[in-house]
Structures are given as C-alpha cells and as structure tokens.
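Mind looking over this structure? Questions follow.
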Amino acid sequence: SDVIVKSTRHAMLLNKRDFEILPQLNGVARQPYFMRKHSGETVLCVKDGYSASSGLLGAFRGQDYVLPEPTLENAKAALAILLDLIAEFHFVSDLDRAVALSAMFTGVFRASIALAPGFHARAPVIASGKSLLCQLIGLFAGPESNKKISYPKSSEEATKVILSALLGNPAVIEFDDMTHDWVAHGVVNRLFTSEWITDRILGASKMATVSTRVLILGSGNNVGPIRDLTRRVLTCNLDPRCDSPASLSYRKDPVALVRKNRAKYVGAVLTIVQAWLAADSPKTDVSNIASFGGDWADYCRHPLIWLGQADPAEAFFEQLRSDPDVEMLGRLLKQWHKAFGSTAKPLRAVNDAL
C-alpha cells in the first residue's frame, strides 16, 4: 500500500504544472562556490546541501577543502600547482595556456555563474592532447567523466540532443572529436547567453525548462567556433610540432593526479580567487566582453591577469579579427567607400556602377 501511495503522489507531482511548493534549483555545485550576499559581500560557501540564497545544491564534502590564508604568496603558490599540472601540454602561446587555465576556473565556478563561455581545444594533427586536456578541465567541474556527444548537424537535431543532455544535469557536456566547425545553431547560442532553455521533450508532449549552468567543451582538428560563436567560445590551440605526436612520452598523468586528489587542485583555484577578492579585486583596464563581464570575468579572467597571466578573453578578439564573415564584410566596405565614399546608394545604382 505504501508503494501505491508513493506512486500516486509521484504521478500527481509530475502532472502538476506549477511547482510553487518546491524551491528553485539553479544547479548542482560539486565543490565549494562563491556567492554574493544582499549586502554585496562575496563569501565562499563550503557547506553542502541546498542553499536558498544561491539556489544551488552543494554535492561535496566541505571538510575536504581546507584553504590557506588568501594572500598573494599563497595565490602564486596555487598558480604554480596548476601550471605544473598542464606543463606538458603543447600550447601554441601564453594566451592558449591562459585559456586552458580559465577553462579550469570556469569548471569550478560554472554552477554559480549565470553565464559563461564555452571552450574549444584545437590542433592541426591528431594525438595532440585535445581530448586529454578536455578530460582534465572537466574534472575541475565535477568528479565524474564528461558527458560526450557529437556536435549536431542541424538546428532540429541540436535542440533535441542538447535538451536531452541538459535534462541529466551533467557537470560537463563535451563535443568530442568534432569534424566540422561550431555551427551557430540557435539552441547552441542560448547555451552561452541564456540561463534557462525551454523546449519540448523528445518523444513526449511535454515541455521542459533546464538550466544551462554546465561547462561546455569541444575539441577537433582544424575546426573551431565561427560566426556568432566566435564571441561565445574561447579556443585553446595545441601544436606538438612533430611528425608523430602519438609517439611522444610524458612524465606524468595529469588526469590521474586530479582524480587522486581533486580537492587539492580545485582548492588551488579557490585560493587564487579568494586572494584576489582579499586584495580588493584589482582589475586591469581591459575590454569588456558582452554577456561575460560579470561573475565570469571576476572569477575566471581578472584573477589570472592579476597573477601575470595573459588575458584569456583576448582569444575572443583574435577570433573576431580572423572571422571570415567579418573579413568579407571589411573588404566589401572598403570597396564601397572607394566607389561611393560615405554616401548611401540604392542597389540599382550600385548594380549600374559595376
């Protein structure tokens, strides 16, 4: 009889359209996270369980995270731990290294950040460490393995695949071994610019609203974000610069190190941001990034710049400058100015002038 009662109550709850009796769940935090009080103060939440203030469910053991004093010296020591972890990856430039670090920071704080960019690992040849880097970054978001899916080829497929993946509330969604560029499907764009996505569940006549507070990763050879996604996805370039990357040997396994002592490496990220906050949140004069100028910049951009790393957001500007659509538009405008100056012309007049 107890089973029947529970089943009936469960069915009533599922069929109910309004859930005002349930608190809003913004996401699952798999490690301590920062949250802002109404007073504007930023505090580190190390308590597990549900927090009404943040709307997050803490799924971690707070006692595992014993952090040192938030000083500049300890922040530098924490950065050294992270840099040693990724020392054997073949980053093309210091900027690419900074993008990888920023991806780790984003993984740690993704549940508590409303909007955050995605990250793409790109290389010119196979066996360059792209998937390994994504696997490593994913461990900063959660202890489980990344949820790997193929990048959708159409907008309809994208809506179905991504909604289904988000329903499981994974820490990480990874588009692994992409064979084509990040096409700007509408639902993919919303992964980075909307806190929630609402759409119909595949195979059912029901709508679902899901949180986008998931770390989005991708990897592929000679592919990357294009068009609208050049300002939503940061690219980290790897290049071993050898004939057979698969034959390279490494002295350590960074993924195994993080799996063995995840709290140590996540704690290094927390230490750096705590020290940055304790230093009155110093910020350099850098260009703002639309949608990502709030918490993401505070937790995953400015602390790295403060410690002397390259600005990871510079990758956005590099992508925008090299975007083929922008380049084509630039050529068109130059020819227009050469022929007509700054004067507006109807298309018929332009056609007659050709």
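Residue numbers count from 1 along this sequence. Heavy-atom basis, side chains included; hydrogens, waters and symmetry copies ignored.
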Measure the CG-CG distance between L307 and L82 for me, rounded to the nearest 0.5 Å.
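Reported to 0.5 Å precision, the distance equals 10.0 Å.
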In terms of heavy-atom contacts, does NZ of K252 have more than 12 from other residues, nucleotides or ligands at under 6.0 Å?
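Yes - once you tally the heavy atoms of other residues, nucleotides and ligands closer than 6.0 Å, there are more than 12.
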Assess the residue pair D199 and K160 against the criterion (salt bridge (Lys or Arg N to Asp or Glu O under 4.0 Å)); give the C-alpha distance rounded to whole Å, side-chain angles, the decisive distance to 0.1 Å, and a yes or no.
CA-CA 9 Å; D199 218 301; K160 295 177 181 178; over 6 Å; no
Using every non-hydrogen atom in the two residues, find where Y299 and V273 come nearest and quote the distance to one decimal.
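Minimum heavy-atom separation between Y299 and V273: O-CG2, 3.6 Å.
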Minimum heavy-atom distance between F91 and I86, given as atom pair plus value:
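Looking at all heavy atoms of both residues, the shortest contact is CE1-O, 3.5 Å.
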Please check this pair: side chain of T212 against backbone of S194, looking for a donor-acceptor N/O pair closer than 3.5 Å.
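Yes, the answer is positive, given that a donor and an acceptor are paired below the 3.5 Å cut-off.
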Side-chain donor/acceptor of S54 to backbone N/O of L56, under 3.5 Å:
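Between the backbone of L56 and the side chain of S54 there is a qualifying donor-acceptor contact (under 3.5 Å).
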With the 4.5 Å side-chain cut-off for hydrophobic clustering, are V233 and V92 part of the same group?
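V233 and V92: separate clusters.
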Rounded to the nearest 0.5 Å, what separation is found between the CG atom of L217 and the CZ atom of F119?
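Reported to 0.5 Å precision, the distance equals 8.0 Å.
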Indicate yes or no: at least one non-hydrogen side-chain atom of T271 is less than 4.5 angstrom from one of P68.
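T271 reaches P68 side chain to side chain.
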Heavy-atom closest pair, residues F60 and R30:
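Minimum heavy-atom separation between F60 and R30: CB-O, 3.6 Å.
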Give the C-alpha distance, both sets of side-chain angles, the deciding distance and a yes or no for side-chain hydrogen bond (donor to acceptor under 3.5 Å, both in side chains) between W296 and T106.
CA-CA 7 Å; W296 180 79; T106 304; 2.9 Å; yes
Heavy atoms only: give me the nearest P312-L304 pair and the separation to one decimal.
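Looking at all heavy atoms of both residues, the closest pair is CG-CD1, 4.4 Å.
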Return yes if some donor-acceptor pair links the side-chain N/O of T230 with the main-chain N/O of I226 below 3.5 Å, else return no.
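Side chain of T230 to backbone of I226: no pair is present.
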Working to the nearest 0.5 angstrom, can you tell me the gap between E174 CD and S145 OG?
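Here the rounded value is 10.0 Å.
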Could you check whether F109 and Y33 have their ring centres less than 6.0 Å apart?
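Distance test on ring centres: not under 6.0 Å, no.
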Are there more than 12 heavy atoms of other residues, nucleotides or ligands under 6.0 Å from atom CD of E144?
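It does: E144 CD has more than 12 such atoms within range.
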Ion pair present between R301 and D311, side-chain N to carboxylate O less than 4.0 angstrom?
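Salt bridge between R301 and D311, a charged N being under 4.0 Å from a carboxylate O: yes.
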Step through the shown structure and confirm whether more than 12 heavy atoms of other residues, nucleotides or ligands are within 6.0 Å of CD on E69.
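Not buried by this count: 12 neighbours or fewer within 6.0 Å.
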Hey, quick one: are I81 and L83 part of the same hydrophobic cluster, counting side-chain heavy atoms closer than 4.5 Å, chains of contacts allowed?
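Yes, it is one cluster - the side chains of I81 and L83 are joined through contacts under 4.5 Å.
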Checking V99 against E314 for the side chain to side chain contact (heavy atoms under 4.5 Å, CB included) test, could you report, in this order, the C-alpha distance in whole Å, the side-chain angles of both residues, the deciding distance, and whether it holds?
CA-CA 9 Å; V99 170; E314 181 61 28; over 6 Å; no
With a 4.0 Å cut-off on N to O distance, would you call R262 and D64 a salt bridge?
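Result for this pair is no, no salt bridge flagged.
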CG/L57 to CG/N169 distance, rounded to the nearest 0.5 angstrom?
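L57 atom CG to N169 atom CG measures 9.0 Å (nearest 0.5 Å).
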Going from OG on S150 to CZ on F175, what distance comes out if it is rounded to the nearest 0.5 angstrom?
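Going from OG on S150 over to CZ on F175, the span is 9.5 Å.
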Counting N and O atoms only, with roles assigned by atom type, does the side chain of D96 sit under 3.5 Å from a partner on the main chain of N237, one being a donor and the other an acceptor?
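At least one qualifying donor-acceptor pair exists.
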If you round to the nearest 0.5 Å, how far is CZ of F292 from CG of L234?
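Atom-to-atom, L234:CG and F292:CZ are 8.0 Å apart.
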Under the 3.5 angstrom rule, does the side chain of Q319 hit a backbone N or O of T235 as a donor-acceptor pair?
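It does hold such a pair.
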Tell me whether R213 is salt-bridged to E195, with the criterion being a basic N under 4.0 Å from an acidic carboxylate O.
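Result for this pair is yes, salt bridge flagged.
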Any donor and acceptor pair, going by atom type alone, linking the side chain of W306 with main-chain N or O of K283 inside 3.5 Å?
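The answer is no, because no donor-acceptor pair under 3.5 Å joins these two groups.
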Taking it one step at a time, do H185 and N189 satisfy side chain to side chain contact (heavy atoms under 4.5 Å, CB included)?
CA-CA 6 Å; H185 302 303; N189 285 342; over 6 Å; no
Answer yes or no: is there a donor N or O on one side and an acceptor on the other, between the side chain of H120 and the main chain of V223, under 3.5 Å?
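The answer is yes, because a donor-acceptor pair under 3.5 Å joins these two groups.
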Evaluation steps, side chain to side chain contact (heavy atoms under 4.5 Å, CB included), between M35 and T42:
CA-CA 6 Å; M35 63 179 183; T42 301; over 6 Å; no
Could you report the tightest heavy-atom contact between R122 and N222, atom names first, then the distance?
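Closest approach of R122 to N222, heavy atoms only: CG-N, 3.9 Å.
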Side chain E88, main chain R251, donor-acceptor under 3.5 Å
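Yes; judged by distance alone, with no hydrogens or angles, the pair exists.
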R227/D181 salt bridge by N-O under 4.0 Å criterion:
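Not counted as a salt bridge, because no side-chain N and carboxylate O are separated by less than 4.0 Å.
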Mind running side chain to side chain contact (heavy atoms under 4.5 Å, CB included) on R231 and I289 for me, showing each step along the way?
CA-CA 8 Å; R231 60 185 180 89; I289 300 295; over 6 Å; no
Do the side chains of L257 and Y265 get nearer than 4.5 Å, heavy atoms only?
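Y265 reaches L257 side chain to side chain.
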Who passes salt bridge (charged side-chain N to carboxylate O under 4.0 Å, His left out) against D94, sequence neighbours left out?
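Here the qualifying residues are R97.
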L270, I305: one ILVMFWY side-chain cluster at the under-4.5 Å cut-off?
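No, separate clusters.
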Please report the shortest heavy-atom distance between D298 and H302, naming the atom on each side.
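It is OD1-CD2, 4.1 Å.
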Any donor-acceptor N/O pair, N261 side chain to V258 backbone, under 3.5 Å
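Answer holds: no.
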For the side chain of S154 and the backbone of E157, is there at least one donor-acceptor N/O pair under 3.5 Å apart?
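Pair found, side chain donor or acceptor close to backbone of E157.
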Contacts table for residues 126-140: side-chain donor-acceptor under 3.5 angstrom, sequence neighbours left out:
| residue | atom | partner | partner atom | Å |
| --- | --- | --- | --- | --- |
| S128 | OG | V125 | O | 2.8 |
| K130 | NZ | N221 | OD1 | 2.8 |
| S131 | OG | D176 | OD1 | 3.2 |

